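One structure is given here, and the rest of the page talks about it.
Residue numbers start at 1 and run along the sequence shown. These figures come from a predicted structure and were not determined experimentally.
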Amino acid sequence: MRTIYLIFLSSFLMFFNSCRKEQTSWNTDWRVPVINDTLTLNKYVNDSTLFINSSNDLEVNLKRTLLDVNITDILTIPDTTIHKDFVPQFISINVNPGFSFINDVQDNDLKVPNGAQLKIAKLKKGFIDVKLLNPIGTIVIFQIDFPGITKNGVQLTKTLSAPAGTIANPSQVSISVDLEGYQLDLRGNMGNSFNKVPSIVTVKSDPNGTAVTVTNQQITKLDATFRDVKFNYARGYFGNQIFEDIAQTKIDFLNKIESGLIDISNVNVKLKLTNGIKAPAKVKFNNVSNVSASGNTVSLTHPQLNNFIPVNSAYVSGNSLIATETVFEFNNLNSNMEAFIENLGSILNYAYRIELNPNGNDSGGWNEVYENSVVKLEIEITMPLNPAINQLTLVDTFDVNLENKSQNFNFLSGNLEMEVSNGFPIGTNFTIDFLDE
């Protein structure tokens, strides 16, 4: 019995050793989606644009903000360093302990841009960095007063003590002051100027020191740097500032319309300019046009286009600044709005120019701006979505990659099956074309 078993096992092993091994393969049928695309209104509008109105009709209400500037955009103080060299007015003098040998009163100019002339400002944030250099051979006491910088009615005053120094190696002392919540009176020492920070600097020798000799070669230096200054209120003249743009907006969905006509009525377009600054302005809109996918251009016509229109100043009521609104309305009665919309322009070109204080300082320096003040330009387009459509053709393209780079997988043959669903309340024809091999 054992002998038969061994002979059978040997024969079985010899059979497999004598056969050549072949790679295993299968022929299978696969049904795989390779294209999935949708032509839908969702590619044209966002979630807040399409809604059902009170008449239970579908309506488009498109809102966009074209310009939005606030107090930071209108008024800025760049980082500004006030540098002072205090030169003794004598060739040489013997200074006793506690003797004041410098008493300087100055108006320091802040370099406010855009021709603005600020008189009063309240600070949301900011710092003033003070650095002093002492070349005198004794301890020196510096006192710096800023009469125009106050918080809760208290004037900003700082006293610093600098060690003894030499002309070749002056001692240095510095301090940084947080200006949050401070108010700036920028009318100068005489109270009739603008953009001026008054300062009073006194320098005296150490009251507990010894007498020293001071010459006009020993120059005491002060640097005061205003940095990171942001306002939450300002009063003065804000300059003749201009905000303008020549822009182009693309509506990609309209590029999918290859041919056909669309008839849309009752289109209403509003341009709303909100002026939250107590300063007059004027605005001009021009070059409003759209270009369709086929290259046809239609320009919007309206009596108020290409002309400056005055914009009222904001006004103060109680302790609040009330913004004014200037609305420009374009519809089928006062413009060619219907033809403009029906051109289906996928490229929208427009230009605007807003000019603040167009007549200069005619307010006597009483422009005002608050932290929540804005100048905002918005567009709103309203139209019922019940268009009459004639042979409207929508086109979309997409890439399909059937390239086989796998050594373990090969296409033998196949069929392309199309499944189309139509959610529009109109009949449609659907075709698909291959643009290349």
Do Q117 and V112 come close enough that some side-chain heavy atom pair is under 4.5 Å?
no

Considering all heavy atoms of both residues, which atom of K124 and which atom of E180 are nearest to each other, and what is their separation?
O-CG, 3.3 Å

Got a donor-acceptor contact below 3.5 angstrom from the T80 side chain to the F226 backbone?
no

One should read off an interatomic distance between L333 CG and N331 CG, to the nearest 0.5 angstrom, of 5.0 Å

Between N232 and I71, what is the shortest heavy-atom contact and its length?
C-CD1, 4.0 Å

Is the backbone N or O of I136 less than 3.5 Å from a side-chain atom of N134, with the two atoms forming a donor-acceptor pair by type?
yes

For the pair K272 and E378, find out whether any cationic side-chain nitrogen is under 4.0 Å from an anionic carboxylate oxygen.
yes

Closest non-hydrogen atoms of P88 and V214, given as atom of the first, atom of the second and distance, are CG-CG1, 3.9 Å

Donor-acceptor pair, D73 side chain versus N70 backbone, under 3.5 Å?
yes

Hey, what do you get for CG (L123) to CG (L184), rounding to the nearest 0.5 Å?
4.0 Å

Can you check whether Q217's main-chain N or O pairs, donor with acceptor, with T215's side chain at less than 3.5 Å?
yes

Looking only at heavy atoms, the pair that brings L160 and S174 closest together is CD2-C, 4.2 Å

Quick one: does N189's side chain get under 4.5 Å of V105's, heavy atoms only?
yes

Can you find a pair of side-chain heavy atoms, one from K196 and one from D109, that are under 4.5 Å apart?
yes

Is a salt bridge present between D228 and K125, judged by a nitrogen-to-oxygen distance below 4.0 Å?
no

Go through the steps for Q106 and N108 under the test side chain to side chain donor-acceptor pair (under 3.5 Å), then give the verdict.
CA-CA 6 Å; Q106 291 282 345; N108 307 287; over 6 Å; no

Nearest 0.5 Å please: distance from the CD1 atom of I322 over to the OH atom of Y315.
5.5 Å

Identify the two heavy atoms, one from S299 and one from F340, that lie closest to each other, and give their separation to 0.1 Å.
C-CD1, 4.2 Å

Just verifying a value: how many Å separate F194 CZ and I120 CD1, rounded to the nearest 0.5 Å?
14.0 Å

For R227 and S176, what are the C-alpha separation, side-chain angles and deciding distance, and is it a side chain to side chain contact (heavy atoms under 4.5 Å, CB included)?
CA-CA 10 Å; R227 63 177 174 87; S176 182; 3.6 Å; yes

To the nearest 0.5 Å, tell me how far I175 CD1 sits from L132 CG.
9.5 Å

Go through the steps for N275 and N312 under the test side chain to side chain contact (heavy atoms under 4.5 Å, CB included), then give the verdict.
CA-CA 7 Å; N275 182 15; N312 292 329; over 6 Å; no

Are side-chain heavy atoms of L271 and L66 found at a separation under 4.5 Å?
yes

Would you indicate whether the side-chain heavy atoms of F231 and V369 approach each other to under 4.5 Å?
no

Any chance the side chains of N336 and T301 put a donor and an acceptor closer than 3.5 Å?
yes

